[in-house]
Amino acid sequence: MEEVVKKRPIIAGRERGPGPGRYVLPPTVGYINHDITKPSSPAYTFHSRMSSAMVSVDSSPGPRYHIDANITRFGRGGTPSYSMLGRGKRLGQLFQTPGPGAYSPEKAPPLNSHRRQPSYTIAGRTRYRSVDAVPAPNRYTLPNLLGSHVPHKPSSASYSFSSRRNVGAPVEDLSMTPGPGRYDRTDPNLYLHRQPSFSMQSRTKRPSYSSVVPGPGTHSPEKFQMHLRRPPSFTLGVRHSEFVTPLVVDVID
């Protein structure tokens, strides 16, 4: 008869394996066997102590060199500096600086296609001879500007008055003297802008109330909706009684 082995659940405490110290991870300190997944810092080493014999052999000078503070590894720095030279020697009469009056730009030819304005000269006065008929200043007269006899000037209308009559004049018969109402006034519309004129129409006939005139309550403006948009309207059908006998029609098979 075969022995039956009873299976039990696996318990972690019963399992025996390597401890935590069994696993060795690469170090992150130093550069020997450093973890490749971690960045490493630069490593420096200390040199061994030099022997005392090197002091007598080395003959280099000490810190005796003086370097200007403005000297950098990029060159001389700081603000720019300037120096003043001595006064130059005068050349004497070899060269004379011209003044402003020495130049004559008006005598230069036109440059860059510039147009020159016309220039004129005035000749000297001629001498008068005793035989020349030179008029005096008061010989010259200007034309009269009053009246209608100036051909080159516009003139206003001119009127003349005739002499007074002695025979048959109003002086002999005072009844011939015209009164104030004798003169006709000129219509202003003839010499001014014509003013608007209006006319009054005759009185209209008063309507009789024999005809039927509708009152204000006769009109119903709220019912007039032809010029407006109307929403859809619905109607309800007739309510039917549940006691009405339905119509039964014989159906022929």
Side-chain angles (χ1 to χ4, degrees), residues 1-119 221-240 242:
M1 185 176 179
E2 296 180 359
E3 184 180 0
V4 179
V5 179
K6 188 177 181 181
K7 294 184 179 181
R8 298 179 181 275
I10 299 175
I11 301 176
R14 292 183 179 181
E15 299 294 332
R16 297 187 178 277
R22 189 67 177 174
Y23 302 97
V24 180
L25 297 176
T28 58
V29 179
Y31 63 94
I32 300 176
N33 296 328
H34 191 275
D35 190 0
I36 61 176
T37 62
K38 302 292 183 180
S40 61
S41 301
Y44 304 95
T45 59
F46 291 93
H47 198 271
S48 60
R49 184 185 297 273
M50 298 177 61
S51 63
S52 59
M54 295 294 296
V55 178
S56 59
V57 176
D58 190 8
S59 59
S60 60
R64 62 182 182 181
Y65 298 101
H66 175 69
I67 301 176
D68 192 1
N70 293 332
I71 302 300
T72 62
R73 63 190 181 96
F74 300 104
R76 179 177 292 274
T79 57
S81 57
Y82 305 94
S83 61
M84 298 180 64
L85 297 177
R87 186 185 298 273
K89 296 182 179 180
R90 189 172 182 181
L91 299 180
Q93 302 297 329
L94 298 180
F95 180 75
Q96 295 291 337
T97 304
Y103 302 99
S104 301
E106 67 279 356
K107 297 181 181 179
L111 301 176
N112 300 330
S113 302
H114 291 173
R115 299 181 61 184
R116 176 179 293 181
Q117 300 295 332
S119 56
E222 68 278 357
K223 297 181 180 180
F224 183 76
Q225 299 179 355
M226 295 182 61
H227 63 292
L228 300 176
R229 298 180 61 182
R230 297 183 59 183
S233 57
F234 306 94
T235 58
L236 299 176
V238 181
R239 182 185 296 273
H240 299 279
E242 58 184 2

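In what follows, residues are counted from 1 in the order of the sequence shown. Since this is a predicted model, take the numbers as computed values, not measurements. Only this structure's heavy atoms are used, side chains among them; waters, hydrogens and symmetry mates stay out.
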Residues which pass salt bridge (charged side-chain N to carboxylate O under 4.0 Å, His left out) with Arg76, listed by chain and number, not counting sequence neighbours: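 In terms of salt bridge (charged side-chain N to carboxylate O under 4.0 Å, His left out), with neighbours along the sequence ignored, Arg76 is linked to Asp68.
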task = List in chain and number order the residues that pass side chain to side chain donor-acceptor pair (under 3.5 Å) with Asn70, two or more places apart in sequence or in another chain; answer none if no residue qualifies.
result =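 Counting only residues at least two positions away or on another chain, Asn70 forms no side chain to side chain donor-acceptor pair (under 3.5 Å).
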Who pairs with Ser119 by side chain to side chain donor-acceptor pair (under 3.5 Å), at least two apart in sequence or on another chain?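 Counting only residues at least two positions away or on another chain, Ser119 forms no side chain to side chain donor-acceptor pair (under 3.5 Å).
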The criterion is side-chain contact (heavy atoms from CB on, under 4.5 Å); which residues satisfy it with [X], sequence neighbours excluded?
X      : result
Thr72  : Phe74
Ser104 : Glu106, Lys107
Lys223 : Ser220

If you measure from OG1 on Thr37 to CG on Leu25, what distance do you get to the nearest 0.5 Å?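 If I round to the nearest 0.5 Å, the distance is 9.5 Å.
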Does any part of the side chain of Ser40, heavy atoms only, come nearer than 4.5 Å to the side chain of Tyr31, both counted from C-beta?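 Result no, sub-4.5 Å side-chain heavy-atom pair not found.
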*Taking atom CG of Leu228 as the centre, report whether more than 12 heavy atoms of other residues, nucleotides or ligands fall under 6.0 Å from it.*
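Yes, CG of Leu228 has more than 12 neighbouring heavy atoms, counting only those of other groups under 6.0 Å.
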**Asked** Taking all non-hydrogen atoms of both residues, which atom of Lys38 and which atom of Thr28 are closest, and how far apart?
**Response**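 Smallest heavy-atom distance, with atoms named: CG-CG2, 3.9 Å.
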